[in-house]
Every structure is written in C-alpha cells, then in structure tokens.
Amino acid sequence: MTRRDHLERAVLECLWDHPDGLTAPEVVDLLAERQPALTTVHTVLDRLRAKDMVLRERDGRVYRHRAVRSREEMTAQAMLAVLQDSADHHLALSMFVRSVSSADAESLRKALGAGEKDRPTRRRPS
Amino acid sequence: MSPELAGRILMPLAVIALLWPVPVLLSRARWTSRAPRAAAVTWVVYALVTAYVLLLTLALSADSWLIAGLLLLWMLGRLLQTVYTLRGSQRRHQDALAMVAIYDPELRVHIIDDDRALAYCLPNGSQPMVVVTRGCLELADDTELRAILAHERSHAQNRHDLLVAGFLAWQRIFPFVPSCRVAAAAVGAATEAWADDEAAAHVSHDVTLRAIMRLGSGVPGGLDGVGWEPDAATLARVRRLLSQMPESRRFALQNP
C-alpha cells in the first residue's frame with residue numbers, strides 16, 4: 001500500500017468513527033499526529049468522493065463529509081464481489097476453492113440490501 | 001489442386017475443424033491434466049491459429065478484405081472491452097481492499113476481517129495481490145496455509161490472470177460458439193492444476209489436498225467423515241492430486 005492509500009484510509013477511519021460527519025478542518029485536527037495540510041485533506045476527501053466512498057453535505061457555510069458505507073458494509077460488499085465472481089467473471093480472480101455456499105452470498109446480499117435502505121439518498125457532487 | 005479450390009473448400013473445412021472437433025478433443029485429452037503448462041501454451045497457440053485461419057479464410061473466400069477487416073476490428077474491440085471492464089472492476093475491488101484489508105508483510109498477503117474462509121489472487125497489473133480472510137487463517141493449519149499461499153502465489157507469479165482474461169475475451173468474441181466456452185473452462189482448469197502442482201512441490205500432495213478439503217468443507221480439525229460435496233472442477237483437482245500420489249500415501253490419507 002502506498003502513502004497515499006494510508007492517508008486515505010486514515011481519513012476514512014476518522015469518518016467511520018464520526019457517523020454524524022466531519023468538516024475538513026475537523027479531520028485535520030483528528031489526524032494531528034500526521035500533521036496533514038488542510039489542502040491535502042481536501043484532496044484526499046475529493047478522491048474518496050470520486051471513489052464513491054464519501055459523500056458531502058452542505059451544513060450552513062461548511063461541507064460535512066460522511067462515509068457512504070460503514071467498514072462492515074464495505075467488507076461485506078468486497079466479499080460479495082468475490083463470491084459472485086464465478087458467474088460473470090467481472091473480477092476474474094483465482095479463488096483457492098469456491099467453497100462458500102450460496103446461502104452465504106444470499107445473507108451478504110440481504111445484509112447489504114438492508115443497509116442500502118437506511119442510507120440517505122446520495123447527491124451528486126455539485 | 002488449384003489455389004482457388006484450396007481457398008474455397010480446404011480453408012472453410014479447416015475453420016470448422018478449428019471451431020469444433022479440435023477444441024473438444026483437446027479439452028478431453030488426458031495429457032493436459034499431467035502437463036498443465038503445456039496445455040495452457042497449446043490453448044494459446046490454438047486460439048491464435050484459429051483467429052488467423054478464420055480471418056484468412058474470410059479474406060480469400062469473400063474476395064474482399066472488408067468482412068475480414070470487420071471481424072478483426074470486432075476481435076480487437078472485444079479484447080480491449082474485456083480488459084477495460086475487468087481492470088475497472090478489479091481497481092474498484094482494490095480500492096475497497098485498501099480501506100478494509102490489512103497487509104501482513106511477513107506472509108505477504110492482504111487480510112480481510114471476515115469469518116468466511118476465502119483465499120484468492122486478485123489481478124493487479126504486473127503485481128497480482130494475494131488476499132485471504134481471517135476465517136481462512138483460523139481454519140487452515142500452518143502447513144495447509146503454506147499450500148494455499150503457494151497456490152495463490154503461483155497464480156500471481158505466472159500471470160495466470162492474463163490467460164484467464166484472454167480466454168474470457170475469446171469466449172466473448174464468439175458468444176455463439178460453444179467450444180470457446182469449453183476452451184475458457186479448460187484454460188481455467190489448467191491454471192488451477194498448474195498452481196496445485198506448485199503448491200504440492202512447495203509442501204506436499206497430501207497437505208495440498210487437505211487444504212482444498214479444509215477450505216472446501218469449512219471444517220476445522222480432522223477431516224474424517226466430512227460431508228463435503230465439491231463442484232465438478234474441484235473434484236477434478238482432488239482426483240488429479242490423488243492420482244499423482246504413490247499408492248501408500250493415498251491409502252494413508254483415506255484411512256488415517
């Protein structure tokens with residue numbers, strides 16, 4: 001993993017810890033040990049938004065950023081992508097054994113489906 | 001024989017042979033299971049020759065390069081489309097892994113925090129990534145894990161992703177030709193056999209077999225009386241590994 005990935009992950013972890021959302025300066029304060037510049041944090045947040053991992057909402061005069069999916073949802077989604085790979089080869093990865101049952105995939109799908117409904121509708125970045 | 005006759009009769013016959021009996025016979029050949037690398041190379045040569053003969057036949061028999069040119073464009077387009085869409089979904093998966101997986105520098109694997117036992121090799125340009133779940137690390141014992149990782153590293157080092165992607169494109173170029181699906185499945189099986197061989201060389205045949213049964217059944221500890229119904233491809237791998245073991249070892253595995 002590169003340095004860039006590390007910072008993106010650190011920022012996303014801050015947002016996971018604060019489900020109510022954070023402004024960019026708040027993220028800078030939370031990452032005080034790393035001493036990132038405010039512009040760097042803005043760039044990282046933009047990149048995370050481009051990856052559909054973060055959304056931002058206007059709150060008065062500032063933007064609040066929130067994680068689109070929780071850590072658990074993101075893990076579940078990654079697992080589901082792997083489990084569903086056999087049929088249409090959309091990842092074309094090589095699995096050791098295709099062992100996990102279809103019931104597992106179904107439970108993952110259900111868990112993600114439920115999470116999807118609770119989430120506020122996403123707005124396109126303006 | 002006049003060149004015209006060759007163009008009108010022999011070449012179309014060659015195309016028919018290459019699209020039907022040749023791949024079917026090759027997929028059933030016994031030697032491919034003993035020599036998976038040679039089998040993979042043969043399939044690549046087969047696909048290149050078939051594409052070439054098909055284009056040449058069209059160009060000669062239609063008396064125009066237009067149809068052959070269109071087919072060539074279609075082939076290249078499908079190949080690029082396959083590579084492009086695969087890269088996109090692989091990159092999205094990688095982005096997610098960068099956020100949720102932990103890299104273990106000692107094992108050189110990315111670990112996902114999930115109970116389900118999975119291990120896979122994710123294509124990633126020149127450096128495919130080996131990914132395992134926490135469930136896999138908990139389920140497999142040390143030697144089994146070494147077999148699993150050796151298997152996945154073989155996929156990564158030998159760039160099996162290129163073979164798999166290439167034959168996925170092959171299957172998409174001719175979606176109505178069943179033998180293209182046969183070819184893609186055979187190449188997939190060859191890469192698995194190739195990786196199994198390297199795992200068996202790294203640890204042993206019985207540990208590799210145990211690892212397959214362990215992850216396939218999801219049962220920890222001893223494997224006696226495990227009710228496990230592998231799919232056809234996994235069963236073929238198990239049978240293949242068993243057939244490579246000396247009689248005495250096979251007996252010991254079945255009656256521990």
Side-chain angles (χ1 to χ4, degrees), chain A residues 1-16 44 47-54 67-109 111-112, chain B residues 82 85-86 88-93 95-101 103 110 112-114 116-123 128-129 131-133 135-136 147-149 151-152 154-156 160-161 164-165 168 171 184 188 191-192 195 199 211-218 228 230-231 233-234 237:
Chain A
M1 230 188 326
T2 61
R3 260 182 77 90
R4 196 173 96 173
D5 283 337
H6 277 295
L7 191 56
E8 284 184 22
R9 185 169 172 148
V11 169
L12 192 60
E13 276 167 355
C14 287
L15 297 179
W16 278 334
V44 169
R47 262 202 309 258
L48 288 171
R49 274 198 305 137
K51 291 182 191 174
D52 279 337
M53 292 177 182
V54 163
V68 172
R69 274 169 231 96
S70 69
R71 187 200 301 265
E72 293 72 26
E73 282 174 319
M74 233 167 130
T75 307
Q77 208 170 40
M79 293 291 291
L80 190 60
V82 173
L83 291 179
Q84 285 180 327
D85 190 53
S86 60
D88 50 1
H89 279 282
H90 68 291
L91 281 172
L93 47 77
S94 306
M95 212 189 299
F96 185 64
V97 193
R98 300 206 171 270
S99 56
V100 181
S101 64
S102 51
D104 265 321
E106 195 50 44
S107 71
L108 272 170
R109 237 185 314 261
L112 281 168
Chain B
T82 304
T85 52
L86 281 182
S89 54
Q90 285 160 0
R91 205 161 275 152
R92 271 192 300 283
H93 189 68
D95 284 344
L97 287 183
M99 297 301 134
V100 297
Y103 183 67
H110 297 264
I112 301 180
D113 187 13
D114 196 281
R116 283 159 278 250
L118 285 184
Y120 59 93
C121 175
L122 179 70
M129 297 159 65
V131 186
V132 298
T133 56
C136 171
I148 293 166
L149 295 183
H151 175 107
E152 297 307 328
S154 165
H155 284 317
H160 288 164
D161 55 309
V164 170
L168 181 61
Q171 189 181 318
T191 61
E192 291 306 324
I212 293 175
M213 291 169 75
R214 182 81 64 211
L215 249 62
S217 64
W228 175 47
D231 57 30
T234 311
R237 281 169 66 195

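Given the structure is predicted, the values throughout are model-derived calculations rather than measurements. Naming convention: chains lettered A, B, ... in sequence-line order (proteins, then strands); numbering from 1 in each chain.
Once rounded to the nearest 0.5 Å, the distance linking CZ of A:Arg9 with CG of B:Leu97 reads 9.5 Å. A distance of 4.5 Å separates OG of A:Ser94 from NE2 of B:His155, quoted to the nearest 0.5 Å.
For B:Ala119, the parts lying under 4.5 angstrom from a heavy atom of chain A are both the backbone and the side chain. Only the side chain of B:Asp231 comes within contact range of chain A, with heavy atoms under 4.5 Å apart. Using a 4.5 Å cut-off between heavy atoms, B:Arg237 contacts chain A through its side chain alone, with no backbone atom that close. Contacts of A:Ala78 with chain B are made by both backbone and side-chain atoms, with heavy-atom separations under 4.5 Å. Within the 4.5 angstrom heavy-atom criterion, atoms from both the backbone and the side chain of B:Ile148 approach chain A. Interface remark: B:Ala233 contributes no atoms to any contact with chain A (heavy atom separation under 4.5 Å).
Here the shortest heavy-atom pairing between B:Glu152 and A:Met95 reads OE2-C, 3.8 Å.
Using a distance-only test at 3.5 Å, with no hydrogens or angles considered, a donor-acceptor pair links the side chain of B:Thr133 to the main chain of B:Leu118.
By the side chain to side chain contact (heavy atoms under 4.5 Å, CB included) test, B:Pro123 is found to be paired with A:Leu93, B:Gln90, B:Asp161, residues two or more places apart in sequence or in another chain being considered.
Ring orientation note: the planes of B:His93 and B:Tyr120 are tilted relative to one another, at an angle of 30° to 60°.
Considering only heavy-atom pairs separated by less than 4.5 Å from chain A, the leading option among B:Asp114, B:Val132, B:Thr191, B:Val131 is B:Asp114.
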